[in-house]
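To start, the structure under review is shown below, and the notes come after it.
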Amino acid sequence: MLVLLLLGLLSACEGTEADSQDTSALTRPNILFAIADDASWKHFGAYGCDWVKTPAFDRVAAEGLLFNRAYVPNAKCSPSRSCILTGRNSWQLEEAVSHLPFFPEKFGTYAEALDSSGYWVGATGKPWGPGDQGSRNGVPRQLAGQKFNQITLEPPAKFISQVDYASNFEDFLQKRPDGEPFCFWYGGLEPHRAYDYGAALRLTDKKLSDIDEVPPFWPDVDSIRTDLLDYAYEIEYFDGHLARMIATLEAAGELDNTIIVVTADNGMPFPRIKGQVYEYSNHLPLAIRWPEGIKKPGRKIDDFVNFIDLAPTFLEAAGVQPETMGMQAITGRSLSDIFQSEKDGTVTNYRDYVLVGKERHDVGRPDDQGYPVRGIFKGDYLYLKNFHPERWPVGNPETGYLNTDGSPTKSFLLNSRRVNKLQEWWQLNFGKRSQEEVYNIKEDPFCLKNLADTPEVQEQKKAMIAAMTEQLMLQNDPRMTGNAQVFDSYLYSSEQSRNFYNRYMAGEKMKAGWVNDTDFEAGPLE
């Protein structure tokens, strides 16, 4: 899911000398944060991809910073957005660790903090979710801002949203009170599932042969290539709205004093990626343009950047103290040191790892159990601990592998086992996993060769476990401090989703609209 942030500084050059000492008067920035669904880092032109055209993203990267190691802690819509909004890892967010949760009242968001400090705050498309945003002091919460979805359009293909994101941004700006800084969340619903199968081939000049590489955990067949092109088409649609937003700022004379941040909230909505904890699941695109605040634009940054670093970056730029605005202590660290550096490559010595993990995502296991994982990306390696390897990692087969969206790719992989009796593809994408996994992501970015038991990585593994455990303990992760059972006790916010597995197996008619009916196996598998 892609994220765009436009953060423009208001000019205060005409202020008095006394005013010039008032940081808030001088640097109250405008913020436009837009997030689209489900895209992995590799599929943007600035990273070398030539079969997905992203000129707006590429411009931001060329005129600002391109981050080569940006990671989300939890690769699913709700927990990912919770991390972005609060600046905390998902295991620090109680119910909000899960997908489809009740958002806890105690955790404030950067958008709410800015609203309380005099910002004009709004959102278009998909803000935080899915889940129940709850209320504070009896007032329903809007975690990313009041919605601006009134302006619609005729989408170019089936399943693309009717919301005209860029026009709603213009509407939001027109309604902004004079002189008031703004914070706006652009939540594109693309390239989230479902897709109009074959739209890219029908509506563009794209060809199946354009794709330079099909991930080796899937077979290279036409139906999967077609699915990939439809994914590319929807990324390009999102990028087109980004281009319109940049043009709006340029026409208003505000582009050169605006930060633009573009990224995604979790990996592409395909098997073994979205909702999992691998390189293609958690590694996301990130480009930031800000001529007024970034020294030496055009740099490529190799520091490990965590999505919990975004909220403190925005709040610092706005001169807002989170603890005075109803927010819990922030774990992430502002990116301002990278902005102010002139170094390429590795800028800091402390951004050398990112913690990742998950608890419960979509429904589909007995008693609404999750699939708990903790891990760490450090150097060229990824270490993962699967706490319950006896459970099905993407949900039980008899309830449709519900933590993998329905798609032509998923259907092909399932049929490879059912029809052709091939276990390899099914095992890679849906099968049970080892308790520990270690991958050299530089040599094996698709995470196919588990090195956990090989002699050559034992010292590396030991060091990564120690570093991960130390940080998780400091963050009071219940999974590490003796209260792990709390994660499976939280209720899904949707009553129709609760206890899905048990109700389905008892014969109740259940509907999981994000997968296909054919995803459900006839019965349990060993």
Side-chain angles (χ1 to χ4, degrees), residues 1-2 35-41 71-84 89-91 93 96-101 126 128-131 189 191-194 215 217-218 227 231 264-284 307 356-365 368-375 377 382 384-389 391-397 399-407 409-410 413-414 426 428-433 437 446-447 487-488 490 492 494 497 500-501 512-516 519:
M1 302 174 196
L2 300 177
I35 181 167
D37 269 338
D38 304 357
S40 297
W41 70 278
Y71 287 84
V72 64
N74 192 328
K76 195 76 172 184
C77 300
S78 300
S80 169
R81 294 161 191 256
S82 297
C83 293
I84 292 168
N89 282 309
S90 59
W91 45 87
L93 292 172
V97 70
S98 299
H99 195 58
L100 203 66
K126 178 180 177 179
W128 176 87
L189 288 119
H192 194 282
R193 298 282 182 181
F217 40 71
W218 311 325
D227 205 14
Y231 157 76
D265 66 341
N266 54 248
M268 59 198 297
F270 285 73
R272 200 178 162 88
I273 300 179
K274 179 182 176 181
Q276 306 311 303
V277 194
Y278 291 123
E279 169 72 354
Y280 269 63
S281 308
N282 294 72
H283 189 175
L284 301 175
F307 274 24
V356 292
K358 65 175 182 175
E359 285 293 331
R360 193 172 60 190
H361 284 173
D362 280 312
V363 296
R365 294 187 193 87
D368 286 343
Q369 296 170 336
Y371 191 80
V373 183
R374 294 295 184 273
F377 285 89
L382 165 63
L384 298 175
K385 172 71 174 291
N386 300 311
F387 288 88
H388 284 283
R391 298 178 186 174
W392 292 99
V394 299
N396 279 50
T399 46
Y401 313 92
L402 293 183
N403 201 33
T404 295
D405 297 344
S407 68
T409 300
K410 181 180 180 183
L413 296 171
L414 293 177
W426 177 87
L428 284 170
N429 291 275
F430 309 110
K432 292 181 179 179
R433 298 170 184 165
E437 299 177 76
F446 297 107
C447 298
F487 291 120
D488 282 346
Y490 297 130
Y492 284 107
S494 168
S497 295
F500 186 101
Y501 178 92
W514 62 98
V515 298
N516 300 323
D519 292 353

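Between S80 and V72, some side-chain heavy-atom pair lies under the 4.5 Å cut-off. Residues C447 and R272 have side chains in contact (heavy-atom distance under 4.5 Å, counting atoms from C-beta outward). P397 places none of its side-chain heavy atoms less than 4.5 Å from the side chain of F430. In this structure the side chain of N429 reaches within 4.5 angstrom of the side chain of W218, judged on heavy atoms. The side-chain heavy atoms of S497 and L100, taken from C-beta on, include a pair separated by under 4.5 Å.
Minimum heavy-atom separation, A39 to Y231: CA-OH, 3.6 Å. Heavy-atom minimum distance, V515 versus G400: CG1-O, 4.4 Å.
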Practice prompt. Determine, stepwise, if the pair D227 / T409 fulfils side chain to side chain donor-acceptor pair (under 3.5 Å).
Written response: CA-CA 7 Å; D227 205 14; T409 300; 2.7 Å; yes
Worksheet item: Can you check side chain to side chain contact (heavy atoms under 4.5 Å, CB included) on I273 and S40, steps first, answer last?
Response: CA-CA 9 Å; I273 300 179; S40 297; 3.8 Å; yes
Discussion item. With side chain to side chain contact (heavy atoms under 4.5 Å, CB included) as the criterion, how do F446 and E279 come out once you've worked through the C-alpha distance, each side chain's angles and the decisive distance to 0.1 Å?
Written reply: CA-CA 7 Å; F446 297 107; E279 169 72 354; over 6 Å; no
Discussion item. Using side chain to side chain donor-acceptor pair (under 3.5 Å), reason through W128 and S82 one step at a time and then give a plain yes or no.
Written reply: CA-CA 7 Å; W128 176 87; S82 297; 2.8 Å; yes
Worksheet item: Checking side chain to side chain contact (heavy atoms under 4.5 Å, CB included) for the pair Y71/L284: CA distance, chi angles, key distance, verdict?
Response: CA-CA 6 Å; Y71 287 84; L284 301 175; over 6 Å; no
Worksheet entry | side chain to side chain donor-acceptor pair (under 3.5 Å) between N403 and W392, intermediate numbers included | CA-CA 10 Å; N403 201 33; W392 292 99; over 6 Å; no
Discussion item. Quick one, S281 with N266, criterion side chain to side chain contact (heavy atoms under 4.5 Å, CB included). Give me CA distance, side-chain angles, the key distance, then yes/no.
Written reply: CA-CA 6 Å; S281 308; N266 54 248; over 6 Å; no
Item to complete: Check step by step if salt bridge (charged side-chain N to carboxylate O under 4.0 Å, His left out) holds for R391 and D368.
Response: CA-CA 12 Å; R391 298 178 186 174; D368 286 343; over 6 Å; no
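There is no side-chain donor-acceptor pair under 3.5 Å between H192 and D405. Donor-acceptor pairing under 3.5 Å is lacking for the side chains of Q276 and Y371. Checked by atom type, the side-chain pair Y401/W426 shows a donor-acceptor distance below 3.5 Å.
A donor-acceptor pair under 3.5 Å is absent between the side-chain atoms of K385 and the main chain of V373, judged by distance alone. A donor-acceptor pair under 3.5 Å is absent between the side-chain atoms of S98 and the main chain of P101, judged by distance alone.
For the pair R193 and F270, the cation-pi test (distance below 6.0 Å, angle within 45°) is passed. Remark: R360 is positioned above the aromatic ring of Y492, its terminal NZ or CZ atom under 6.0 angstrom from the ring centre and at most 45 degrees off the axis. Judged by a 6.0 Å distance limit and a 45° cone about the ring axis, R433 is not positioned over the six-membered ring of Y278.
Here K76 does not pair with E359 in a salt bridge; the nearest charged N to carboxylate O distance is not below 4.0 Å. A salt bridge links D519 with K410; the closest basic N to acidic carboxylate O contact falls under 4.0 Å.
Ring geometry for F487 versus Y490: interplanar angle over 60°, hence perpendicular rather than tilted (30 to 60°). Taking the six-membered ring for Trp and thresholds of 30 and 60 degrees, F217 and Y280 have ring planes more than 60 degrees apart, a perpendicular arrangement.
Taking CG of N282 as the reference point, atom NZ of K358 lies at 9.5 Å (rounded to 0.5 Å). The distance from atom CG of L402 to atom OH of Y501, rounded to the nearest 0.5 Å, is 11.5 Å. For the atom pair C77 SG and D362 CG, the distance stands at 8.5 Å (nearest 0.5 Å). A distance of 9.0 Å separates CG of D488 from CZ of R365, quoted to the nearest 0.5 Å. Taking OG from S90 and NE2 from H99, the interatomic distance works out to 13.0 Å, rounded to the nearest 0.5 Å.
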